[in-house]
Amino acid sequence: MIKEIIHAQLIECLETLGISHEKEFSVEIPNNTEYGDYSSNCAMVLAKENKTSPKVLAEKISKALKKNKDFKKVEVAGPGFINFVLSPALYQRIFWDIRKAENSFGDSDFGAEEKILLEFVSANPTGPLNIVSARAAAFGDTLYRVMKKVGFAPVREFYINDAGNQVDILAESLELRLRELHGDNIGEFPYEAYHGEYVKHLAQKLNALEGVRVFMMTEKDRMEHLKDFALSEILEMQRSSLERFDVVFDGWVSEKALRAEGVVEEVLSYLTEADCTYEKDDAIWFASSKFGDDKDRVLMKSDGSITYFVPDLAYHLTKLQRGFTTLIDIFGPDHHGYVPRIRAAFQALGYDEKMLEIIFLQQVNIFEGGERVKMSKRAGKIVTMDDLIDVVGKDAARYFFIARKASAHLNFDLELALKQNNENPVYYCQYAHARIASIIKKAKKEKIWPKAFKKELLVKLNKPEELAIIQKLADLPELLRLIAIHREPHRLATYMEELSAMIHKYYARYQIVNPKSKELSQARLMLLETTKNVMAIVFDLMGISAPEKM
RNA sequence: GCCCCUGUAGCUCAGAGGAUAGAGCAGCGGUUUCCUAAACCGUUGGUCGGAAGUUCGAAUCUUCCCAGGGGCGCCA
């Protein structure tokens with residue numbers, strides 16, 4: 001919000017001086033405080049089009065701006081930067097606005113209610129959610145929350161692959177475990193089957209419910225029955241893991257249901273009409289290589305069944321039909337080879353492929369005692385999302401996943417996470433919040449907490465640390481917009497760490513609650529109360545709790 | 001072989017064209033009659049993987065090379 005103010009002032013100044021400003025210039029917070037609170041490169045950017053040197057132009061602009069009372073100092077430096085030091089009065093005014101906004105601080109109509117579909121997690125319903133899904137859940141949900149805050153109309157969906165042959169294998173695995181319970185010798189458990197303990201638990205549960213009745217059905221009915229049972233149990237398991245993570249989906253879309261609606265045939269006929277399918281080796285192929293894919297892809301296998309691709313494409317088309325103008329898929333790294341074919345299909349069917357955006361979350365490696373744990377769902381060797389929450393807790397887990405940008409590989413040492421829980425940055429940030437809560441409690445006890453804070457107290461907020469905190473707070477609305485546009489929730493974590501550091505330093509340096517100078521105390525309390533509120537807003541976006549006490 | 005991601009301090013990572021590259025942790029030395037020491041202060045530590053190019057200016061953009069991880073099924 002401050003950058004916009006300065007930018008607007010600069011434009012006004014350029015207009016009055018009759019300086020041309022075709023090219024875009026920026027207003028930034030310099031990384032070195034010696035260069036002021038804010039800095040603009042406008043003179044360097046505009047020098048060429050005004051046929052003058054950056055320095056001369058900068059001098060001209062800064063001279064005109066010096067009259068402005070919002071700026072305590074305007075200076076030309078280096079190759080032609082214009083550096084600004086803002087007046088405390090401007091900071092105080094801005095602070096009052098932030099304060100008045102309360103929980104709506106950072107809200108905007110920037111997104112213009114654009115309908116955005118966020119698809120994430122979409123794990124196979126064949127086992128508990130793993131750590132990659134946990135990362136996707138944290139990332140997708142936080143992105144959703146930020147988008148919503150800045151005025152988009154996002155929707156969260158989970159696509160359930162409940163119709164493929166993985167599910168058949170799951171049912172077969174369950175049957176084997178059931179027979180085992182009944183004392184059958186099943187021999188060696190097949191390599192392809194699901195080895196996880198959860199399959200045994202499912203077998204026990206089903207056995208307790210239905211006993212031998214399961215085996216009185218025909219083979220075909222039994223497999224359907226086992227499939228339905230396993231699916232609903234596992235989906236429930238996944239849903240409850242996500243709930244523990246505070247991730248709720250607006251929609252769960254079933255592949256099976258889509259197929260039943262006949263969308264598969266529809267998609268096949270669309271592609272055929274677009275003249276980009278052909279038959280070879282008894283299979284039907286999509287000529288995706290015509291649209292930039294490495295090779296053509298099978299749509300219908302020689303046994304008459306269809307591949308994963310067809311219903312998935314159909315699902316994407318339903319998103320468009322439902323009026324979403326941006327489709328964001330958040331995928332694991334193993335899906336990147338899949339992208340060209342779905343983009344190819346968009347092209348083939350005449351849709352704008354720019355509407356489809358795919359974010360890849362890179363893999364999560366689990367280390368235990370310095371050694372990497374190889375994970376495989378089929379072999380039953382996985383570290384689940386629930387394990388992670390059990391060990392490090394929801395807050396730390398979510399923070400850890402959000403704090404890294406999507407494209408970064410993530411190494412997670414379980415032992416270290418356990419050992420270091422006091423040193424984890426999430427505690428640093430939460431502690432800053434708890435400390436403010438503690439100060440407020442003390443102020444109330446000392447009876448210096450007023451019924452309402454008076455605006456006149458603002459002038460007492462003039463210490464460099466205080467103005468810097470206000471500047472940080474004022475940064476948030478722009479940051480949220482950037483996070484939404486660039487899909488970068490990790491910047492929330494950086495922001496939190498910076499703000500928390502400022503609070504800890506401020507806390508250590510100044511006495512806040514001092515009955516001897518009540519007004520000064522109240523001014524500082526006012527600053528801290530608002531900061532606490534802003535921290536709570538950001539914690540909420542991250543899905544992390546804002547503790548009053550630690 | 002082709003494709004994707006990564007390479008910044010001892011470790012984990014920020015830094016999306018700006019000035020002297022930052023944080024946390026680890027290391028070293030300090031701080032508590034006072035609002036929580038899960039903190040603060042000071043300090044050590046960097047050829048931003050390498051090379052060339054683009055420009056007033058590059059960790060950031062382009063190309064090539066090197067190294068690590070992952071993906072390349074009529075699986076999903």
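Chain letters run A, B, ... following the sequence lines, proteins first, then strands; residues in each count from 1.
Between the OH atom of A:Y338 and the P atom of B:C3 there is a distance of 22 Å, rounded to whole Å. For the pair A:E119 CD and B:A76 C1', the interatomic distance rounds to 13 Å; values are reported in whole Å. With rounding to whole Å, A:Q363 atom CD is found 6 Å from B:G70 atom P. Here the C1' atom of nucleotide B:C35 and the CZ atom of A:R435 are 9 Å apart, to the nearest Å.
A close approach under 4.0 Å does occur between a side-chain nitrogen or oxygen of A:Y428 and OP1 or OP2 of B:C40. At the phosphate of B:A76, OP1 or OP2 sits under 4.0 Å from a side-chain N or O atom of A:K301. Close to B:G15, at under 4.0 Å from its OP1 or OP2, lies a side-chain N or O of A:H490. Contact annotation: A:S407 side-chain N/O to B:U6 OP1/OP2 distance is under 4.0 Å.
Base pairing of B:G42: its partner is B:C28, meeting the Watson-Crick or G-U wobble criterion (both donor-acceptor distances under 3.5 Å).
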Under the side chain to side chain contact (heavy atoms under 4.5 Å, CB included) criterion, do A:Q362 and A:R135 qualify, and how do the steps go? CA-CA 9 Å; A:Q362 289 304 317; A:R135 184 179 190 183; 4.3 Å; yes

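Taking atom P on both nucleotides, B:U55 is separated from B:U62 by 16 Å, rounded to a whole Å. Taking atom P in both B:A52 and B:A14, the straight-line distance is 28 Å, to the nearest Å.
Judged by ring centres under 5.5 Å apart and planes tilted less than 30 degrees, A:Y35 stacks against the six-membered base ring of B:A19.
Taking for each of A:K48 and A:K405 the nucleotide of RNA chain B with the nearest heavy atom, the 5'-most of the two is the partner of A:K405.
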